[in-house]
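To start, the structure under review is shown below, and the notes come after it.
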Amino acid sequence: MSTFKPQDAQSARAVAELTLDLMRPGEEAVISGYHNDVEDEALRLLEMGLIIGSVVRFIKKAPFGDPIQIRIRGFDLSLRRNLARSIIATPIR
Amino acid sequence: MNSDLLEKTVPPSKSGPTCFRVAIVGNPNSGKTSLFNALTGLKHKIGNFPGVTVERISGMIASPDKVAYELIDLPGLYSLMPRSLDERIAVEVLTGSADLEPRPDLIIVVADATNLQRSLYLFTQVADLGYPIILALNMMDLVEKQGYRINIDGLARRLDVPIVPVIAKNKKGIQELKQAVFSMDHTLQEARGTSFDDSESLELSQICLPLMHWLKQHGIKSEAGAFAEALRIVSEPEIAEKWKQRGDGDALQHLVEQVRTKFSERGIPYRQAEVRYRYSAIDQICAQNVLQERKGQRTDVSEKIDSVLTHRVFGPLIMVLILATIFQSIYVWASVPMDAIEGLIAWLGDQATAFMPPGALRELIVDGVIAGVGAVLIFLPQIVFLFFFLAILEDTGYLARVAFIMDRFLAKVGLSGRSVVPLLSSFACAIPGIMAARTIQNNKDRLITILVAPFMSCSARLPVYTLMIGAFFPDIWFGGIFYLPGLILLSMYLLGVIVAVISATILQKWVVQGRSTNFIMELPIYRAPVWHFVFVRVYDAARLFVANAGKIILAISIILWFLASYPKKQTDTVATTPGGAEQVENSASKAVGKVDSQIRQSYAGQLGRVIEPVIEPLGFDWKIGIGLITSFAAREVIISTMATIYNVEDADETSIDLRTAIKKDVYADTGKPVFTPLVALSLMVFFVLACQCMSTLAIVRKETGSWKWPIAMFVYMFILAYVASFAVFQVGSLLGFA
């Protein structure tokens with residue numbers, strides 16, 4: 001699943017990439033990288049399985065717009081948009 | 001941090017060689033605590049880890065041949081990189097790096113079988129520490145529903161540990177799990193650790209070889225342990241620092257940098273190295289051992305419920321409705337057992353009065369101990385109801401949705417959705433609220449939540465509000481919709497909330513140090529609550545409340561009784577017992593005349609008169625002053641104090657006699673009434689803002705670990721209360737409302 005080879009990351013970048021906060025409800029994407037260096041908070045996301053190559057599904061925004069709800073590896077997670085903005089993903093299809 | 005890796009021998013446990021210590025480890029929401037409860041039943045002990053405020057929950061079980069096992073329910077973990085205080089303690093116990101506990105003899109890792117990949121992340125980390133491990137796969141029923149099949153034998157072979165499938169809520173597999181624990185101690189065989197053989201793991205371990213070599217020279221024995229520790233050192237500067245302190249630091253630093261450079265060359269940021277290595281292995285393991293047989297429906301059902309409960313419009317509406325219903329029912333339903341407890345306490349007092357010889361001891365028991373402790377025990381039903389509802393909300397998964405909805409607003413004051421529960425609980429009582437703040441990962445958030453929680457109007461303020469509003473605010477309806485007493489009551493609650501919001505903003509900007517939080521929270525699927533476990537949690541909360549409140553209130557009650565009863569007035573022996581049975585005068589006007597008797601010249605009375613000049617600008621006289629002083633033990637005590645002062649028989653909190661008495665009370669010199677609606681308002685505002693609660697201060701001391709914060713909290717809340725009451729009374733007087 002997970003790829004360590006830099007050429008994979010480069011080829012992924014050729015497709016239209018976006019950050020998690022910009023996804024639409026129901027949309028699925030493959031995580032392809034992270035903005036900035038991964039700091040503590042985002043490292044927790046990695047430990048929960050949001051690693052490069054993982055498929056993430058955008059479920060919905062909270063009623064007041066923030067945080068967002070995503071599905072990863074079979075469970076649902078909520079995180080704020082500012083953190084979601086640091087995760088880059090390539091939409092599937 | 002790594003003494004465990006240096007010494008593989010199991011240290012002798014505290015409780016003697018015949019007692020094995022079993023730690024239960026797992027992700028939050030993995031059903032870890034349910035499993036613990038299923039294993040130990042009600043026979044568990046709640047304490048603290050020495051020196052820290054994290055709860056240590058343990059229970060004993062015994063094997064058929066009488067070998068004792070102490071099970072310890074460690075706080076939930078996602079990984080061995082801790083974020084919150086709870087997590088740090090759990091990690092320190094596991095890595096044997098603190099003096100909290102001897103190292104456990106055996107670990108049960110609880111995995112949510114429906115979240116196998118994430119659960120295995122923690123499992124592989126723990127396995128690499130070199131423990132004998134049993135893997136309990138929980139929620140096996142949901143796995144089937146979801147359409148998956150786990151090859152348990154294959155997984156057990158691959159991970160080299162015994163695996164026991166369980167359904168904790170139905171207690172299925174519990175006997176098998178116990179059996180596995182009992183048969184484990186004879187061998188004490190360590191889990192093999194993650195000797196993964198996929199190509200990426202091999203590649204990474206090749207890079208790490210020099211570092212692993214260094215670690216093996218410095219005490220780590222196993223290959224897997226050295227590899228795991230190498231990755232940890234490379235990922236986390238803090239851990240590298242700890243190894244450097246063992247000497248040879250320069251060489252280590254050089255090796256670490258070498259490994260990091262090689263990782264970078266392969267496009268792996270070094271901080272992600274461990275995560276990527278473990279997940280690459282886990283993905284492979286799961287691919288081999290987990291089969292999706294058909295499409296499941298589990299998440300679909302949850303998603304359908306969510307489409308209503310976190311709907312843009314209906315979500316917040318339903319949330320308000322649910323919470324309002326709960327708080328309403330806490331008041332309405334709890335009033336029945338509260339009346340019963342009140343009756344029981346009165347009966348106890350009567351019995352003690354009847355059977356004990358008159359004298360100081362009887363007064364102490366009746367007026368001090370029974371009345372004082374009773375005044376607090378009355379709130380037990382509210383605590384029970386609150387925790388009952390909270391347990392249901394949490395177990396069903398709805399509480400996470402409340403946090404999800406509310407996070408937006410709490411973010412504005414620098415907090416997060418995780419503060420919702422502690423703050424809401426504080427409307428019943430700040431003590432469980434402050435205790436609930438333990439679940440907040442970020443220390444800064446946790447502290448701010450603790451510091452503003454007492455601004456939420458707790459149930460102990462309610463009797464004060466009810467008395468004052470009932471006595472001084474007439475039943476007026478505005479336009480048939482707004483009811484004056486109701487509006488006043490609501491504005492008292494709102495005042496607390498507004499001040500809490502402002503305080504939180506100020507605290508997070510200028511006072512409390514530390515990094516602000518982010519909000520990462522799992523939204524578990526909806527589940528039916530398991531009544532047995534709900535009961536256990538309510539029982540635990542009640543037990544803690546009685547124990548905590550009991551000790552402090554008992555001491556304060558005795559002191560207050562002494563202050564109000566001594567020195568004795570020599571001339572009038574009949575009127576010496578404040579509120580005692582000898583007082584038969586019921587008439588309020590007569591009672592007012594009695595105010596000058598015992599209480600006035602007691603220590604409490606003297607104190608009241610000393611502080612009278614200070615509280616006069618707030619509109620309070622010395623009798624209210626005594627009430628304010630005594631209410632620092634607990635807010636509701638002001639009612640019984642005033643009842644005592646006015647010598648009203650049967651000082652019932654809603655007694656018409658106290659109401660009449662305070663209405664009729666006049667200043668001796670001017671003949672003006674002591675209480676006016678403005679004074680009542682000023683007094684209520686004071687009660688909204690002041691931290692008049694010894695139990696709260698004691699729990700804040702316990703939770704923050706020093707006297708600094710409770711003292712700061714007491715002072716700033718007192719200043720706020722004084723200034724606000726001053727403003728209310730003085731501005732009101734200027735406007736002619738006096």
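Hydrogens, waters and symmetry mates are skipped; everything else that's a heavy atom, side chains included, is used. In what follows, every chain begins at residue 1, and chains take the letters A, B, ... in the order their sequences are listed.
With rounding to the nearest 0.5 Å, the separation of CZ in A/Arg44 from CD in B/Glu87 is 4.5 Å. To the nearest 0.5 Å, the span separating CG on B/Asn115 from CD1 on A/Ile72 amounts to 11.0 Å. Atoms CD and CG, from B/Glu522 and A/Leu79 in turn, are 13.0 Å apart once rounded to the nearest 0.5 Å. Taking CD of A/Gln69 as the reference point, atom CE of B/Met521 lies at 9.5 Å (rounded to 0.5 Å).
Looking at B/Phe404, the atoms closer than 4.5 Å to chain A (heavy atoms on both sides) sit in the backbone and in the side chain alike. With a threshold of 4.5 angstrom between heavy atoms, B/Arg408 approaches chain A through its backbone and through its side chain. Both the backbone and the side chain of B/Asp306 come within less than 4.5 Å of a heavy atom of chain A. Within the 4.5 angstrom heavy-atom criterion, atoms from both the backbone and the side chain of B/Met81 approach chain A. Only the backbone of A/Ile68 comes within contact range of chain B, with at least one heavy atom under 4.5 Å from a heavy atom of that chain. Contacts between B/Ala411 and chain A at a heavy-atom distance below 4.5 Å involve backbone atoms as well as side-chain atoms. Proximity to chain A is limited to the side chain of B/Phe409, based on heavy atoms less than 4.5 angstrom apart.
Residues A/Lys60 and B/His311 approach most closely at NZ-N, 4.2 Å, considering heavy atoms. The two residues B/Tyr279 and A/Glu47 make their nearest non-hydrogen contact at OH-O, 2.7 Å. Residues B/Ile405 and A/Phe64 come closest through the heavy atom pair O-CD1, 3.6 Å.
Here the side chains of B/Asp283 and A/Arg73 are in contact, with some heavy-atom distance below 4.5 Å.
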Run the side chain to side chain contact (heavy atoms under 4.5 Å, CB included) check on B/Gln272 and A/Ile51 step by step: do they pass? CA-CA 9 Å; B/Gln272 302 174 24; A/Ile51 59 168; over 6 Å; no
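Counting heavy-atom neighbours within 6.0 Å of A/Glu28 CD, excluding the residue itself, gives a total above 12.
Note on B/Asn29, B/Val275, B/Leu122, B/Leu116: by heavy-atom pairs under 4.5 Å with chain A, the leading option is B/Val275. Ranked by heavy-atom pairs under 4.5 Å with chain A, the list B/Ala400, B/Gly417, B/Pro316 is led by B/Pro316.
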